[in-house]
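Reckoned from all heavy atoms, side chains included, excluding hydrogens, waters and symmetry mates.
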Amino acid sequence: MRPLRVAIFASGTGSNARTLIEKAQTLRGALEISFVLSDKATAPVLKKAEELGVRTYLVEKKLDRQNHEQAILNILREHRIDWIFLAGYMRLLSGAFLRQFALWHGDASQVVNIHPSLLPAYPGAEAIARAYQDRVSHTGVTIHFVDEGMDTGKIIHQEALSLSPEASLADWKEMIHRLEHRMYSNFLESLSLGQQKTFYFEENQ
Ligand code: GAR
């Protein structure tokens, strides 16, 4: 059985991407991070991935969404990618994109996202800061399948955290990011162990 091939999409700092890459390197060939793709030339994630020896692609949206997504699909197909992990990729994927990717994998949805809240609470950008402003008594992290909406797909796994309202926003961010890193790397490992049903890229495509 060949290794599972995973692509990471990210637009920002890349702490989740880094954790996933480091985790994959411990999985003894069961799974590989084939590349990290970003839509932002200035995203620090690109440098982080390169430093860790992972190939990167910058695909900026210069024309319309369809052209942008087609360029990405071409790269996914070239690398026969099995799963996509969004890690702070601040762009929605269209239904057409998701359907094409699913068609290559027995119609299965193999695109996942991590989000720093207990969805459906606080979807979208700045979720941690918005929950902090509301001084919620607890928050958490969600891993979910990706659909066309903003952080709306089917939930795979959630973990809650109690956070003291006296703590600073920086403390909240640190604790939530730590939880994200643990949950996303555990999920990656569960893929490599066959604990998540996977349809490999259909080689006749
Ligand atoms: C993470 O907190 C991730 O959950 C969030 O962006 C951050 C990226 O951080 N994603 C979303 O808000 C998706 N709606 P990172 O670049 O350090 O991994």
Side-chain angles (χ1 to χ4, degrees), residues 2-12 14 16-17 20-21 24 31-43 45-46 49 54-117 119-127 141-158 180 184 187-188 190-191 196-205:
R2 68 163 172 80
L4 273 180
R5 296 188 191 121
V6 173
I8 300 173
F9 290 9
S11 307
N16 280 285
L20 291 170
I21 292 167
L31 178 153
E32 66 177 37
I33 306 295
S34 302
F35 61 83
V36 169
L37 180 144
S38 185
D39 58 334
K40 291 250 179 323
T42 55
V45 66
L46 290 169
V54 172
R55 180 169 190 166
T56 58
Y57 286 95
L58 171 64
V59 188
E60 293 175 291
K61 184 172 163 291
K62 294 216 168 99
L63 300 167
D64 56 28
R65 184 187 205 188
Q66 200 184 342
N67 271 289
H68 184 236
E69 290 191 336
Q70 189 54 54
I72 296 173
L73 283 167
N74 292 345
I75 298 169
L76 291 165
R77 185 173 180 194
E78 182 190 331
H79 288 269
R80 303 287 195 255
I81 293 297
D82 303 308
W83 284 80
I84 300 172
F85 276 52
L86 305 187
Y89 187 64
M90 296 318 223
R91 190 177 284 285
L92 296 180
L93 297 171
S94 72
F97 176 98
L98 293 166
R99 275 191 299 279
Q100 178 60 69
F101 192 71
L103 269 179
W104 289 333
H105 306 91
D107 256 342
S109 165
Q110 294 186 170
V111 185
V112 290
N113 182 40
I114 192 154
H115 185 76
S117 77
L119 290 171
Y122 301 103
E126 300 297 337
V141 170
T142 305
I143 296 174
H144 64 93
F145 287 109
V146 171
D147 65 12
E148 290 166 74
M150 171 99 74
D151 304 317
T152 49
K154 183 169 172 270
I155 291 172
I156 301 169
H157 183 51
Q158 283 187 312
E180 286 192 316
Y184 227 11
F187 183 74
L188 188 80
S190 75
L191 282 191
Q196 305 286 330
K197 176 107 184 115
T198 288
F199 289 83
Y200 283 78
F201 189 103
E202 289 176 359
E203 291 296 340
N204 56 352
Q205 297 296 317

Candidate pair E78 and N74, rule side chain to side chain donor-acceptor pair (under 3.5 Å), full reasoning
CA-CA 6 Å; E78 182 190 331; N74 292 345; over 6 Å; no
Is there a side-chain contact (heavy atoms from CB on, under 4.5 Å) between I8 and V54? Walk through the geometry before answering.
CA-CA 10 Å; I8 300 173; V54 172; over 6 Å; no
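What you find for Y184 and L86 is that their closest heavy atoms are OH-O, 2.7 Å. Across all non-hydrogen atoms, the minimal contact from L92 to G149 is CD2-O, 3.4 Å. A127 approaches H115 most closely through the heavy-atom pair CB-NE2, 3.5 Å. In plain terms, the two heavy atoms of V36 and A49 that are nearest each other are CG2-CB, 3.8 Å. Closest heavy-atom contact between A24 and I33: CB-CG1, 3.6 Å. Shown here for A17 and A87, the closest heavy-atom pair between the two residues is N-CB, 4.2 Å.
Contacts of A10 classified as side-chain contact (heavy atoms from CB on, under 4.5 Å), with partners at least two apart in sequence or in another chain: V45. Partners of E126 under the salt bridge (Lys or Arg N to Asp or Glu O under 4.0 Å) rule, at least two apart in sequence or in another chain, do not exist in this structure. Every residue was checked against the side-chain contact (heavy atoms from CB on, under 4.5 Å) condition with A121, not counting sequence neighbours, and none meets it. Every residue two or more places apart in sequence or in another chain that forms a salt bridge (Lys or Arg N to Asp or Glu O under 4.0 Å) with E203 is listed here: R2, R80. When the salt bridge (Lys or Arg N to Asp or Glu O under 4.0 Å) test is applied to K197, no partner is found at least two apart in sequence or on another chain. Partners of E202 under the side-chain hydrogen bond (donor to acceptor under 3.5 Å, both in side chains) rule, at least two apart in sequence or in another chain, are Q205. For H79, the ring-ring contact (aromatic ring centres under 6.0 Å, His included) test picks out F35, Y57, with sequence neighbours left out. For I156, the side-chain contact (heavy atoms from CB on, under 4.5 Å) criterion is met by V112, I143, F145, F187, not counting sequence neighbours. Taking the side-chain hydrogen bond (donor to acceptor under 3.5 Å, both in side chains) definition, one finds that D147 meets it with T152, sequence neighbours left out. Listed by chain and number, the residues in a side-chain hydrogen bond (donor to acceptor under 3.5 Å, both in side chains) with T142 are Q158 (sequence neighbours excluded). Partners of R91 according to the salt bridge (Lys or Arg N to Asp or Glu O under 4.0 Å) rule, which considers only residues two or more places apart in sequence or in another chain, are D39.
The distance from the NZ atom of K40 to the OG atom of S11 is 5.5 Å, given to the nearest 0.5 Å. In this structure, CG in L4 is found 10.0 Å from CD1 in I81, a value given to the nearest 0.5 Å. The CG atom of L37 sits 7.5 Å away from the CG atom of L76 when rounded to the nearest 0.5 Å. Atom CD1 in I114 sits 9.5 Å away from atom CZ in F85 (nearest 0.5 Å). Distance check, rounded to the nearest 0.5 Å: CG of L93 to NE2 of H68 gives 9.5 Å. To the nearest 0.5 Å, the span separating CG on L31 from CG on L188 amounts to 4.5 Å.
Considering V59, I72, V146 in turn, I72 is the only one that fulfils the side chain to side chain contact (heavy atoms under 4.5 Å, CB included) rule with F9.
More than 12 heavy atoms of other residues, nucleotides or ligands sit less than 6.0 Å from atom CD of E60.
Judged by distance alone, the side chain of D82 and the main-chain N or O of R5 form a donor-acceptor pair under 3.5 Å. The backbone N or O of L46 lies less than 3.5 Å from no partner atom in the side chain of S38, so there is not a single donor-acceptor pair. Counting only distance, with no hydrogens or angles, the side chain of Q110 and the backbone of F199 share a donor-acceptor pair below 3.5 Å.
The side-chain hydrogen bond (donor to acceptor under 3.5 Å, both in side chains) contacts involving residues 93-109 comprise E69-S94, where partners must be two or more places apart or lie in separate chains.
Side-chain atoms of F97 and E148, non-hydrogen and from C-beta on, never get closer than 4.5 Å to each other.
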